[in-house]
Amino acid sequence: MITINSVSELRETVSKFRNEGKTIGLVPTMGALHEGHLSLVNRCRKENDVVVVSVFVNPTQFNNKEDLRTYPRTEEADRALLESAGCDIAFMPTVEEIYPEPDTRVFALGRVAEVMEGAMRPGHFNGVAQIVSKLFMFVEPDRAYFGEKDFQQIAVIRSMVKSEGFKLEIVPCPIVREADGLAKSSRNVRLTPEMRKVAPNIARILNESKEYAKSHTVGETEKYVVDAINSYDGMEIEYYQIVDGISLEHLTSWDETGYVVGCVTVYCGDVRLIDNITYFNN
């Protein structure tokens with residue numbers, strides 16, 4: 001595995017592989033890697049000749065300075081995990097390397113970037129578009145891999161790919177969970193022992209709501225999830241919305257679309273966790 005810190009070396013190295021006719025897969029990450037990330041790397045390994053993984057905590061997507069400061073950084077462990085997973089190129093740049101000057105680009109991302117996370121975290125998705133577009137320009141991958149835990153992010157990246165004219169395939173990959181159901185997240189390490197015991201109830205309640213939804217309205221199902229999660233000490237829902245899985249528009253009835261997804265954000269103590277569940281996808 002090659003570890004690269006500079007954009008120029010990354011471009012040069014990837015270009016050599018491409019000139020040999022090899023396909024390039026990219027897995028963008030913010031580090032603090034876990035099995036969820038490794039599932040993306042494994043999928044990328046199966047479907048491409050060359051695997052590039054970026055490890056970069058992108059400051060422009062944080063609208064909360066404290067969240068940026070406390071985001072876990074484990075570069076040496078990340079490097080070892082990537083090598084064992086068969087990564088070919090680990091791109092681990094500094095902030096100065098990615099942003100030698102401020103990135104003032106504003107992307108036309110549409111409604112998918114304005115709802116849910118977009119409403120709660122102003123500027124977040126524009127920051128995501130800034131870094132992901134840069135990575136796409138540096139690597140020019142054939143495919144890029146993203147986890148479905150960040151369900152809305154995938155929709156936003158697809159919107160950015162379309163508006164910017166990138167020629168690549170976006171590959172969504174299933175959520176990887178702990179044995180107790182908690183969606184794997186780099187933020188899980190910040191949970192207190194008490195909150196770590198409580199947090200798996202998010203996934204449990206989402207799963208139970210699928211059965212509840214069969215005999216209740218969209219609004220009733222949302223209330224069921226909100227009330228059930230909020231009933232636990234230390235957990236507080238920021239939002240739970242049942243949406244169209246493509247447009248992300250908030251639904252008022254089950255028959256508005258054939259693809260229905262519930263998206264949730266929960267504060268577990270002071271740690272902000274996200275998860276989602278598909279009710280049906282016809």
Ignoring hydrogens and geometry, is there a side-chain-to-backbone donor-acceptor pair from [X] to [Y] under 3.5 Å?
{"X": "Asn64", "Y": "Glu66", "result": "yes"}
{"X": "Ser186", "Y": "Ala32", "result": "yes"}
{"X": "Asn126", "Y": "Arg105", "result": "yes"}
{"X": "Thr94", "Y": "Glu97", "result": "yes"}
{"X": "His250", "Y": "Val243", "result": "no"}
{"X": "Gln130", "Y": "Asp103", "result": "yes"}
{"X": "Asp244", "Y": "Ser247", "result": "yes"}
{"X": "Glu222", "Y": "Gly219", "result": "no"}
{"X": "Asn188", "Y": "Ala183", "result": "yes"}
{"X": "Arg18", "Y": "Glu140", "result": "yes"}

Is there side-chain contact between [X] and [Y], with heavy atoms separated by less than 4.5 Å?
{"X": "Arg143", "Y": "Leu168", "answer": "no"}
{"X": "Leu191", "Y": "Leu273", "answer": "yes"}
{"X": "Phe91", "Y": "Phe138", "answer": "yes"}
{"X": "Asp270", "Y": "Arg190", "answer": "yes"}
{"X": "Ser209", "Y": "Tyr279", "answer": "yes"}
{"X": "Met235", "Y": "Ile202", "answer": "yes"}
{"X": "Thr265", "Y": "Ile237", "answer": "no"}
{"X": "Arg111", "Y": "Glu114", "answer": "yes"}

What distance separates [X] [atom1] from [Y] [atom2], expressed to the nearest 0.5 Å?
{"X": "Phe17", "Y": "Asn48", "atom1": "CZ", "atom2": "CG", "answer": "12.5 Å"}
{"X": "Ile242", "Y": "Leu251", "atom1": "CD1", "atom2": "CG", "answer": "7.5 Å"}
{"X": "Phe151", "Y": "Thr278", "atom1": "CZ", "atom2": "OG1", "answer": "6.0 Å"}
{"X": "Ser185", "Y": "Glu178", "atom1": "OG", "atom2": "CD", "answer": "10.0 Å"}
{"X": "Lys223", "Y": "Asn230", "atom1": "NZ", "atom2": "CG", "answer": "10.5 Å"}
{"X": "Cys263", "Y": "Leu248", "atom1": "SG", "atom2": "CG", "answer": "6.5 Å"}

>> With side chain to side chain contact (heavy atoms under 4.5 Å, CB included) as the criterion, how do Phe125 and Met160 come out once you've worked through the C-alpha distance, each side chain's angles and the decisive distance to 0.1 Å?
In response: CA-CA 10 Å; Phe125 284 128; Met160 185 270 290; over 6 Å; no

>> Among residues at least two apart in sequence or on other chains, which ones pass side chain to side chain contact (heavy atoms under 4.5 Å, CB included) with Ser253?
In response: Asp255, Glu256

Does a side-chain N-to-carboxylate-O contact under 4.0 Å join [X] and [Y]?
{"X": "Arg79", "Y": "Glu76", "answer": "yes"}
{"X": "Glu117", "Y": "Arg272", "answer": "yes"}
{"X": "Glu20", "Y": "Lys16", "answer": "no"}
{"X": "Asp67", "Y": "Arg187", "answer": "yes"}
{"X": "Asp180", "Y": "Arg196", "answer": "yes"}

List, by chain and number, the other hydrophobic cluster members for [X], where Ile, Leu, Val, Met, Phe, Trp and Tyr join if side-chain heavy atoms come within less than 4.5 Å, directly or indirectly.
{"X": "Val171", "result": "Met1, Val27, Leu33, Leu38, Leu40, Val41, Val51, Val53, Val55, Leu81, Leu82, Met92, Tyr145"}
{"X": "Ile175", "result": "none"}
{"X": "Leu68", "result": "Met30, Val57, Phe62, Tyr71"}

> What's the shortest heavy-atom distance between Ile246 and Val112, and which atoms?
Replying inline: O-CG1, 4.0 Å

> Given Asp150, which of Ile274, Val128, Val156 fulfils the side-chain contact (heavy atoms from CB on, under 4.5 Å) condition?
Replying inline: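 Among Ile274, Val128, Val156, the one that satisfies the side-chain contact (heavy atoms from CB on, under 4.5 Å) with Asp150 is Ile274.
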
> What residues form a salt bridge (charged side-chain N to carboxylate O under 4.0 Å, His left out) with Glu96, not counting sequence neighbours?
Replying inline: none

>> Taking salt bridge (charged side-chain N to carboxylate O under 4.0 Å, His left out) as the cut-off, I'd like each qualifying pair that reaches into residues 27-55, sequence neighbours left out, listed once.
In response: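 Applying salt bridge (charged side-chain N to carboxylate O under 4.0 Å, His left out) to every pair that reaches into residues 27-55, excluding sequence neighbours, yields Glu35-Lys184, Arg43-Glu47, Arg45-Asp88.
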
> With under 30° as parallel and over 60° as perpendicular, where do the rings of Tyr212 and His216 fit, or are they tilted in between?
Replying inline: parallel

> Run the side-chain hydrogen bond (donor to acceptor under 3.5 Å, both in side chains) check on Tyr99 and Asn58 step by step: do they pass?
Replying inline: CA-CA 10 Å; Tyr99 299 110; Asn58 174 44; 2.6 Å; yes

